[in-house]
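Naming convention: chains lettered A, B, ... in sequence-line order (proteins, then strands); numbering from 1 in each chain. Just so it is clear, the structure is predicted and the values come from calculations on it, not from any experiment.
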Amino acid sequence: MELPQNYDPKIAEPKWQKYWQEQKVFQFKPKSKAQIYSIDTPPPYASADHLHVGHGMHYSQFEFIARYKRMRGFNVFFPMGYDDNGLPTERYVEKKHNLDKSKISRKEFIKLCIEDTKITGQTYHDLFTRLGFSIDWNLLYHTIGDKARRVAQISFLDLYKKGRLERTDYPTMWCTTCQTTIAQADLGNVDITSHFNDVVFKCGGQDLIISTTRPEMLSACVALFYHPDDARYAQLKGKFAAVPLFNYEVPILSDESVAQDKGTGLMMVCTFGDKDDMEKWHKYMLPLRITIDEAGRMNQLSGKYAGKKLKAARAEIIEELKSVGLLIRQQQITHAVNTHERCGTEIEFLKKPQWQIKVLDQKEELLEIAQKVNWYPEHMKVRYEHWVKNLQWNWGISRQRYYGVPFPVWYCKKCRGILLPEEKDLPVDPREEKFKGKLNGKCSCGSTEFIPEMDVMDTWMTSSCTPEINADWGGKKERKDFLPMSLRPQAHDIIRTWAFYTLTKSYFHHHNIPWRNIMISGHGQDPHGQKMSKSKSNFIVAQDVIDKYSADAFRFWAASVKLGDDLPFQEKDVLTGQKFATKLWNASKLSLKHLEGYHPKNLNKPLEVFDKWMLSKLQKLIKLSTESFDQYEYSKSKAEVENFFWHVFCDYYLEIVKDRLYNPEKRGVKNRQSAQLGVYQGLLNVLKLMAPIMPHITEEIYQLYFAGKEKKKSVHAADWPEANEKLIDGFSEGVGALGVDVISTVRKFRSANQMSMKDELQEIVLVSELPDFQKKIALIIDDLKAVMKVKELKFEGETTLESETFKIQVGIIK
RNA sequence: GGGCCCAUAGUCCAGCGGUUAAGACGUUUCGUUUACACCGAAAAGAUCCCCGGUUCGAUCCCGGGUGGGCCCACCA
């Protein structure tokens, strides 16, 4: 058949995307008996206008797997979710509308959040569609949606029942910008230059020097500490020291944890400068002097500094200490401080009642459960282990925010009891609804006056339940036996959050792994290997690249890096993908033209050697590609298929069989059919092997011819190729290699002599020491003569060129 | 300070205990060949980061450096 001259992805890609949806090619079939392959798709934060090429790369990498598994016959469960609850969304909305939560009502704010997440949802839908993602959109969920809220609340109730939850007012990390408690996993850190300030505390007549980076915390000081073995300070035992500027006395105590060589070996403990302060405060039952408020301002305890921001207060306090001679030295230092990763604000510590999930007592179990998951690449597991081993805090899940899943909790005004709803009533919003419960809306103490929990849950509280959301936990359509899922795909930056939290939840809820396999992608970077960010203006929008080239070309680029490795964005690699698609189109034009009326059954003679040569290589390719995909090494498969198609199938095979295809009267009908079989098998299998990476162009060609032969509605619903061991043929590969060597040498000769490839050569004389050389060449002599455009091929005579295996002589017809 | 990953032509990368170290982009030369100039043919371009060790043999394995990326910790 004749194909159109050109392939236009701008028309073809949307066409097939529409076709796939209409034909429900990607639909999960709940009643199917086929084995399920389920993917715990990362729900992107609904907090961006555009996705950059790095996102597109990461998402493409597991999309390859989805398509591969579908062709392998699995009933693929490939959902999409939008993570549109919680702080990331709130921050996005705050920035976009230039507001902060204290200046807007909860209701108005939530309304804005809902509006904006709708827009981003549409943006994502469009992008994923344009990328050719084989998502079953029926499975879409929103983490702010009813289903996800129900699951998060069931999770809460279950954890409560299992004793994994506690509500305490033990000091926690606090972000003064976002004005909420945060968890250890939300921390980032940044190196800052600061000063060690040597400050004088008075003890009797004695000057005690304390080195501190945070003099603004002086008013929060509750004790001084030294090491019990430190002879310099032993005589201070039991004494009190006066806090400079604020003039109140604090006890001087000793503790093993004090480093004698740090600063002056004498330290102050404040409520609270850091985690260490907290521990000493707790251990020695020290008084509480909280001197900052939620917004990071000094409070009344700081006297005249009240109302000042921490940094301003620090500068003023330093000045005043200097002026009264109590600051005797300043030393510049660089040190890392913890920040809230999302906004970059240095963290503080406040004492707030909050819910937390106890994880510190289960480190061993959480390490163990991770062993049962297959990690791809394996070394990413180390990052998880490292994180778990170094955990310092339980997982605080309360956020003093608006837009998130509410806690399913009321508190009894009278007895202070905790009131939880029944599972059947979930999801609930205690801020809006009355408590129902088992006792007709009464507390067990008889009271009917309740206070709702006003906080919302950490966004990870929901997203850590994506397997359960996909399983519709507690819902009418709950998929029993759905867990563990088959695959968790994600990038490496959220191992400590998403992977960790999901494993934790799954262990606590089900004592099981959440998924059998986890594949971890690297990051797409800018062309210079730098992380992409809007502030650095090196942000390359995925949609732009797709518009300029095609989704297939973009995916081709995304498939060019090993799983887990970072990849600089190189536009030329996208262009290479585009060229590959064109080449595939052109090779198909030739191939399909010659497959008209072709039936494999017509052939009742052995295949020609060059056909066997190509088919043998093809079988090996199929094997390798399959093994690679099974190990989530799509890049290896892509590279090998690319190489085979271009350099074996096009550069040699198609050139070799052209003569047989065009001239059956001269070369014989059977020999033409042998070539047809090769072309059919070669092209079909290349299409299939490439289909997961370049779904559109392969579909276009498949539909033009093969769909009718194979009776499948899509190449993506077709069977993945299986290697035929019988076609693996060492002898033919050897003879073919010999032939390729001859062809290549003659091409060199032409090139060296500035000859056109079509100029006919009179004679080539081959001379070789190889055993059976003549016999072997005889098997392919007609193909050789045709492809080399040479009249006579002989085996003796004078030589003018050399290769390792033979010598040839060439004469030219003019 | 600890950990993980990486180091191969100008660039991006593949690979492997013995290879003429693969491919792509770029460069140079040639070629309007009936699938394709988004092409074909050919050429040039690599101390395979450095130093040791194991081995008959190392780019590949081991140890130690150096450089880069990432993660974690330090934060009185």
Side-chain angles (χ1 to χ4, degrees), chain A residues 3 5-7 187 189-192 194 196 210-214 217 221 224-225 257-259 262-270 273-277 280 333-338 346-347 377 379-387 389-392 492-493 495-496 522-523 525 527-531 553 557 560-562 564-573 575-594 635-636 639-640 642-643 646-647 650-651 654-655 658 662 743-744 746-759 787 789 804:
Chain A
L3 266 61
Q5 188 58 30
N6 295 309
Y7 168 75
L187 294 179
N189 61 68
V190 63
D191 282 322
I192 58 162
S194 177
F196 254 136
I210 303 276
S211 283
T212 178
T213 53
R214 300 200 61 184
M217 296 298 287
C221 179
L224 300 186
F225 276 87
S257 69
V258 179
K262 198 155 189 175
T264 57
L266 192 62
M267 63 177 286
M268 67 174 183
V269 164
C270 308
D274 61 18
K275 193 162 193 294
D276 187 58
D277 281 352
K280 290 195 179 60
I333 55 159
T334 305
H335 68 158
V337 292
N338 276 129
E346 290 176 36
I347 57 149
H379 68 82
M380 291 293 182
K381 184 166 71 180
V382 178
R383 290 207 194 175
Y384 171 88
E385 291 168 344
H386 204 105
W387 176 255
K389 282 178 192 160
N390 288 306
L391 274 174
Q392 308 271 336
H492 57 54
D493 55 337
I495 292 173
R496 69 176 186 179
H523 283 149
Q525 305 163 323
H528 309 289
Q530 299 289 309
K531 196 171 175 176
W557 165 72
S560 66
V561 69
K562 241 191 306 194
D565 283 5
D566 294 339
L567 177 67
F569 178 76
Q570 304 277 331
E571 191 158 339
K572 67 184 177 67
D573 291 338
L575 184 64
T576 304
Q578 193 62 59
K579 282 159 80 168
F580 184 89
T582 305
K583 186 80 175 174
L584 198 53
W585 180 256
N586 288 323
S588 300
K589 264 197 318 203
L590 173 68
S591 302
L592 298 190
K593 186 162 128 185
H594 292 288
S635 67
K636 193 167 185 173
E640 294 292 335
E642 181 187 4
N643 197 50
W646 207 298
H647 300 302
C650 291
D651 289 350
L654 286 181
E655 293 301 331
K658 252 182 199 171
Y662 274 108
I743 295 166
S744 161
V746 172
R747 282 174 177 173
K748 263 180 215 160
F749 172 82
R750 284 180 191 276
S751 194
N753 292 284
Q754 309 198 346
M755 284 172 66
S756 158
M757 291 295 155
K758 70 170 189 186
D759 289 344
V787 74
K789 301 247 183 329
E804 277 211 330

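Across the P atoms, B:C13 and B:G53 are found 33 Å apart, a figure rounded to whole Å. Separation of the P atoms belonging to B:G10 and B:U27 is 15 Å when rounded to the nearest angstrom. Using C1' as the reference atom, B:C16 and B:A22 are 11 Å apart when rounded to the nearest Å. For the P atoms, the distance linking B:A24 with B:A14 amounts to 15 Å, nearest Å. Nucleotides B:A44 and B:U33 are separated by 26 Å at their P atoms, to the nearest Å. Only the P atoms considered, B:A7 is 8 Å distant from B:C49, to the nearest whole Å. One P atom belongs to B:C4, the other to B:A43, and the distance between them is 44 Å to the nearest Å. B:C6 and B:A76: their C1' atoms are spaced 37 Å apart (whole Å).
Closest heavy-atom contact between A:W585 and A:Q5: NE1-O, 3.3 Å. Nearest heavy-atom pair across A:V258 and A:F225 is CG2-CB, 3.8 Å. Summarising the geometry of A:S194 relative to A:H335, their closest heavy-atom pair is CB-NE2, 3.7 Å, with the distance given to 0.1 Å.
Across all strands shown, A:D573 has heavy atoms under 4.0 Å from sugar-phosphate atoms exclusively, and none from any base. Within 4.0 Å (heavy atoms only), A:C270 reaches no atom of the nucleic acid at all. Using a 4.0 Å heavy-atom distance criterion, A:M268 is classed as a sugar-phosphate-only contact. Backbone-only engagement by A:R747 is indicated by non-hydrogen atom pairs under 4.0 Å involving sugar-phosphate atoms exclusively. No engagement by A:V269 is indicated, since no non-hydrogen atom pair under 4.0 Å with the nucleic acid exists. At the heavy-atom level, A:A752 lies nowhere under 4.0 Å from the strands shown. Across all strands, A:F225 comes closer than 4.0 Å to no nucleic acid atom at all (heavy-atom distances). Among the protein residues, A:H386 comes within range of the nucleic acid bases, having at least one heavy atom under 4.0 Å from a base atom. Among the protein residues, A:N753 comes within range of no part of the nucleic acid, since none of its heavy atoms lies under 4.0 Å from any strand. Counting any heavy atom pair closer than 4.0 Å across all strands shown, A:T582 reaches a base atom. Residue-level contact check: A:E655 touches the bases, meaning some heavy atom is under 4.0 Å from a base atom. No contact: A:S194 has no heavy atom under 4.0 Å from any strand. Across all strands shown, A:A639 has no heavy atoms under 4.0 Å from either base or sugar-phosphate atoms. Note on A:P568: only backbone sugar-phosphate atoms sit closer than 4.0 angstrom, heavy atoms only; bases stay farther off.
Here the side chain of A:N643 is nearest to one of B:G23, B:C5, B:C36, namely B:G23. Of all nucleotides listed (B:C4, B:C75, B:A73), B:C4 comes nearest to the side chain of A:H379. When each of B:C74, B:G69, B:C25 is scored by its nearest atom to the side-chain atoms of A:T576, the top-ranked nucleotide is B:C25. Comparing atom distances between the A:Q754 side chain and each of B:U29, B:A42, B:C36 picks out B:U29 as nearest. Here the nucleotide nearest the side chain of A:Q570, chosen from B:A41, B:A76, B:C12, is B:C12. Comparing atom distances between the A:S756 side chain and each of B:C75, B:G31, B:A43 picks out B:G31 as nearest. In the set B:C75, B:C4, B:U33, B:C75 carries the atom at the smallest distance from any side-chain atom of A:V337. Distances were taken from every side-chain heavy atom of A:M757 (C-beta onward) to each of B:C25, B:A41, B:C75; the shortest belongs to B:A41. Side-chain proximity of A:R383 to B:C5, B:C36, B:C70: nearest is B:C70.
Within a 6.0 Å radius of NZ in A:K636, other residues, nucleotides and ligands contribute 12 heavy atoms or fewer.
For B:C74, the OP1/OP2 oxygens have no side-chain nitrogen or oxygen of A:T334 closer than 4.0 Å. For A:K758, a side-chain nitrogen or oxygen approaches OP1 or OP2 of B:U33 to under 4.0 Å. Under 4.0 angstrom from either OP1 or OP2 of B:C6 there lies no side-chain N or O belonging to A:K562. Side-chain N/O atoms of A:T213 include one lying less than 4.0 angstrom from OP1 or OP2 on B:A76. The phosphate of B:U34 has neither OP1 nor OP2 within less than 4.0 Å of any side-chain N or O from A:K593. Close to B:G40, at under 4.0 Å from its OP1 or OP2, lies a side-chain N or O of A:W646.
Under the Watson-Crick or G-U wobble criterion, with both distances below 3.5 Å, B:U32 is left unpaired in every strand shown. In this structure B:G1 sits in a base pair with B:C72, meeting the Watson-Crick or G-U test at under 3.5 Å. Pairing for B:U54 is absent, judged as Watson-Crick or G-U wobble with the two contacts each under 3.5 Å. The partner of B:A7, taking Watson-Crick or G-U wobble pairs whose two distances both stay under 3.5 Å, is B:U66.
Taking atom CG of residue A:N390 and atom P of nucleotide B:C4, one finds them 13 Å apart after rounding to whole Å. When the P atom of B:A14 is taken as reference, atom CD of A:E642 falls 13 Å away, rounded to whole Å. The separation between A:H523 atom NE2 and B:C5 atom P is 18 Å, rounded to whole Å. Rounded to a whole Å, the OH atom of A:Y7 is 18 Å from the P atom of B:C38. Distance, A:E640 CD to B:A22 C1': 9 Å, rounded to whole Å. At whole-Å resolution of the value, NZ in A:K572 and P in B:U11 are 11 Å apart. For the pair A:N586 CG and B:U33 C1', the computed distance is 14 Å after rounding to whole Å. Computed from coordinates, the A:F749 CZ to B:G31 C1' distance equals 15 Å when rounded to whole Å.
Using a 3.5 Å distance cut-off with no hydrogens or angles, the side chains of A:N586 and A:K583 do not pair a donor with an acceptor.
Proximity of a side-chain donor or acceptor of A:D566 to a complementary backbone N or O of A:G522 within less than 3.5 Å is not detected. For A:S560 (side chain) and A:W557 (main-chain N/O), a donor-acceptor pair under 3.5 Å exists by modelled atom type. Although no hydrogens or angles enter the test, the distance criterion places a donor-acceptor pair under 3.5 Å between the side chain of A:S588 and the main chain of A:L584. No donor-acceptor pair under 3.5 Å is formed between the side chain of A:N753 and the backbone N or O of A:M755. In terms of modelled atom types and a separation under 3.5 Å, the side chain of A:D565 and the main chain of A:V561 share no donor-acceptor contact.
Between A:S751 and A:K789, the residue whose closest nucleotide on RNA chain B is further toward the 5' end is A:K789. Residue order along RNA chain B, read from the 5' end via each residue's closest nucleotide, puts A:S560 first among A:D651 and A:S560.
For A:H647 and B:G23, a side-chain-to-base donor-acceptor distance below 3.5 Å is absent, hydrogens and geometry of angles not being considered.
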